[in-house]
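Excluded from the calculations below are hydrogen atoms, water molecules and symmetry mates; all remaining heavy atoms, backbone and side chain alike, are included. Counting convention: from 1, in listed order, for ligands and their atoms alike.
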Amino acid sequence: MTTIRTTCPYCGVGCGVLATPDGKGGAKIEGDPDHPANFGRLCSKGTALGETLDLEGRLLAPRVGEIETGWDEALDLVAGKFSTAIAEHGPDSVAFYVSGQLLTEDYYVANKLMKGFIGSANIDTNSRLCMASSVAGHKRAFGTDTVPGTYEDFENADLVVLVGSNLAWCHPVLHQRLMAAKEKRDFAIINIDPRRTATSEMADMHLAIKSGADLHLFNGLLAHIVENSAVDTEFVENHVAGFDEAVAAAQASTGDLSKDCGLPQEQVEEFLRLWTSTEKVLTIYSQGVNQSTSGSDKVNAIINCHLATGRIGREGMGPFSITGQPNAMGGREVGGLANMLASHLEIANPEHRQVVQEFWDSPKIPDQLGLKAVDLFNACAEGKIKALWIMGTNPAVSLPNADFVRDAIKNCDFVVVSDLVEKTDTTVLADVLLPATGWGEKDGTVTNSERRISRQRTFLTQPGAARSDWQILSDVALRMGFDNGFDYKSEYEIFAEYAALCGEAAKQGIELDLSALSGISADAYETMTPVQWPVSPGRRGGRFFADGKFYTPSGKANMLALTSRISPSQPKQDYPLIMNTGRLRDQWHTMTRSGKAAVLSQHTAEPFVEINPSDAKKFGIGPADILRVSSNQGEMLARALVTDRVQCGYVFSPMHWSDQWSSNGRATSLVAPNTDPVSGQPESKRTAVRVQKFDAKWYGFAVSVDEPLLSSEYWAKARTALGWKVELAGESPPDDWETYAKKLFGELSASSVIVEDRAKGGIRIALTKNGRVIGLLIVSASPVIASRSFMASVDFSSISLNSMLAGRPSTSVPDSGATVCSCFNIGVNTISTAITEQNLMTLEDIGRALNAGTNCGSCRPELLALIKA
Ligand code: SF4
């Protein structure tokens, strides 16, 4: 089979992938050694992509209600409902909510339909949740949404400051590039994060800053830069506006930096000294900065320091926003945000509107900004949105106040969801479901965090009736009577049109210039290699702003006068803790794709809440208890992880679990919908909560061949290589455990073997059918002690009943423990034993002895933590 060059569909690093189809619907996945983002590396998620390609759980035909239909019927209905809503209530009564998972071509057509032809700006994207504050910060400072640097800066900096970024888990290949560079040429890495993460483990210094105090720290840094004569006066005088005001505000707001930031004085001094005295300083930031009610100001506080020192746009230096999603950048380039037009043109600018309208020959372009994500779902709740189309995203899980959002979607008269997955927390709310193609089945482009455009290519056949999003959108547009502008035959025509519009935008002084690609042929599009924008006749890629040329009306960059804003989420008597949310190493968003890969569920298989030991003691919580966590918005159930990684007064929970994978594990249902007033980005890192021990009378763990049927108050299921595993707990035990087990495994006629430990209140039930084990349930009065790694790896067809009932390997086979290295399936016990017995002192020692950490490298921070421990 031919190997196809494509791009990973997960994060904003944008790694190149070589996919070799196996002819049976799957593919061998490798890193592309020639792709300039990853040079052959892939992280654990990218490596496991081949495990996610099967058609289990796929939406393969349009559905109206519960009924499968043909495309014509479904598309006629969608076009008719949208047209009727517009005719009766105006264009602002409809909305699209789109996704950083869409390809640029899909995004472009969605935006063209809504802003150019329907005549509303009500299209917003889940990227609003991830990097809208960076967009706002860039535009305020530079006059345009431009990431100044390139990934090569990671390797050439002398000081790398990571702010609010768990790069090691959320952008693992960039972290590996950073660590590989550090091995060759020692330079300092500082991690600023209230929580100790895998990134902190690998840093030279971890500043466990008080949550939300980043603005204080960077205002303090600006004041320190001035005090220590580190200002680049030539750059500031010629290329920067607002310097005096920004410095005055910084000096006025800087009190006792150590106290304000909750950091030891010597750490603050070392940070200020290093930053100020190092010319090549790169400040990388991500969701910890963006997801805040003062996210835009935090971004500008960072940019202020780089502008004051002139450290921008040159090798190894500058502010660097890392985007979360694979095509968040592409989306913002084609106007996926409700406050932008395509090609970085502005809705608020009449000349820009005219350029777009003339180019599209469209009936109208809205002159008012559309609804941003949180406001869009508020409008649904208020009944203002009559028809809503959600594309490739799961807002019933991913948005803050997720229970409210779910009700808001239910409240909307007509909801269309186009997705590749049949059952998500959002698809179950749709009136019409439209089957979209997924990764490997569709063609198009994505833009990564360093402005590099790469191709995603088809290497699998389109399953069932699935179609690309741009095709579905174009078909609806034609049915709505928009004959002019949606007659696309192929992705390359859309890309060529978009590139030509960028050429027109460039004539307006816009920096996003793709004019050299505007006449791209089908062949050239097919063979297109990764290219960093701008791509104009005079320029190809590279950094921005070293020449002091900015895109504001004055041509100068803006420094902003910034003062701290207090977050509305503060601890209160009823809700004494502050909850932070984030991502895990081996899961992606709401697990619709990564949840299918058994190898990715071996690392963490259930929702959890990290809580500091002193808070755990205060609230009577023990390790592995189930917690009920509640806020003003909602509540969740999750496993307690007692750890000093989180500070006293704070808890952390991952945002991945949905109702499809757990009974009530959606951390987002607790998150307050407070947003940054400039960017509209929600503050997903701060919500006042309380924790209580869930009064479990029993705990259970089960493995089964077939998907278990779950009914207990607490459950969390995950895939294993040969079936399923599930964690269970309940407030009252069932009347009869044998019947419970048979219902759980969906086999009322199965035979059972029961081992009871009356003294300890434990029971183990193995079910067999036709002489083969089909499932095992272990129940205990306290959290179940069993080797999860062993149980998840058992081959049901050959395991003995005794080993199964024991819940652990025979004494001759050591228990490897929870998986750390997913690539080679090596558990924590194996690694710890090898470290101790073989005196392994470095990552290389572990690699030589066990192979762990030698493939994708995602586990290297955890290996280092084990060595330190
Ligand atoms: Fe995919 Fe991992 Fe690369 Fe991100 S770092 S693009 S998830 S392989």
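- Side chains of His35 and Ser454: a donor-acceptor N/O pair is present below 3.5 angstrom, by distance only.
- Note: Tyr285 and Phe320 fail the aromatic proximity criterion, with ring centroids not under 6.0 Å apart.
- For Arg196, the salt bridge (Lys or Arg N to Asp or Glu O under 4.0 Å) partners two or more places apart in sequence, or in a different chain, are Glu201, Asp644.
- Arg666 pairs by the salt bridge (Lys or Arg N to Asp or Glu O under 4.0 Å) definition with Asp403, Asp659, not counting sequence neighbours.
- With a cut-off of 2.8 Å, the protein N/O/S atoms near atom 1 (Fe) of ligand 1 add up to 1.
- In terms of modelled atom types and a separation under 3.5 Å, the side chain of Thr144 and the main chain of Thr146 share no donor-acceptor contact.
- Pairs engaging residues 8-27 under the side chain to side chain donor-acceptor pair (under 3.5 Å) rule: Thr3-Thr20 [sequence neighbours left out].
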